[in-house]
Amino acid sequence: MSDDMSCVALCEDFSLESLQLDQLLEKMTEQMENISVKLSWMAYDMVVMRTSPDLAESLKSLENEFLKCKSVICGPTDGQDQESHPAAEDQNIPQE
């Protein structure tokens, strides 16, 4: 009879520990989800909100000026640069 009582008590203890473990894991999972959400918002803030909307326009203007300088310094090319860089077609550089 004492074996039956100890077995029942052992099963109850195991069930209680299992329930506590489940609750602890659920709490930890929720905390990790909250951290992930915060991290996502931080990344969004850094990439989207802190990036100037004029950046793409400035880079395109810089690329156009670079192509103009390259054309003046290196001379006319065989047309490969103009195919890969459509902005090079708009150049108004006097020929010598």
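- Under a 4.0 Å N-O distance rule, the pair Lys60/Glu63 qualifies as a salt bridge.
- With rounding to the nearest 0.5 Å, the separation of CG in Leu21 from CG in Leu16 is 11.5 Å.
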Result block: side-chain N/O donor-acceptor pairs under 3.5 angstrom for residues 23-38, not counting sequence neighbours:
residue	atom	partner	partner atom	Å
Thr29	OG1	Leu25	O	2.8
Asn34	ND2	Glu30	O	3.4
Ser36	OG	Met32	O	3.0

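- The hydrophobic side chain of Leu19 is isolated, with no ILVMFWY side chain under 4.5 Å apart from it.
- Other residues sharing a hydrophobic cluster with Ile73 under the 4.5 Å side-chain heavy-atom criterion for ILVMFWY residues do not exist; the residue is a singleton.
- For residues 17-39, no pair satisfies ring pair (Phe, Tyr, Trp, His ring centres under 6.0 Å), with sequence neighbours left out.
- Cluster annotation: Val47 is connected to Tyr44 through the hydrophobic network of ILVMFWY side chains, with a link wherever side-chain heavy atoms come within less than 4.5 Å.
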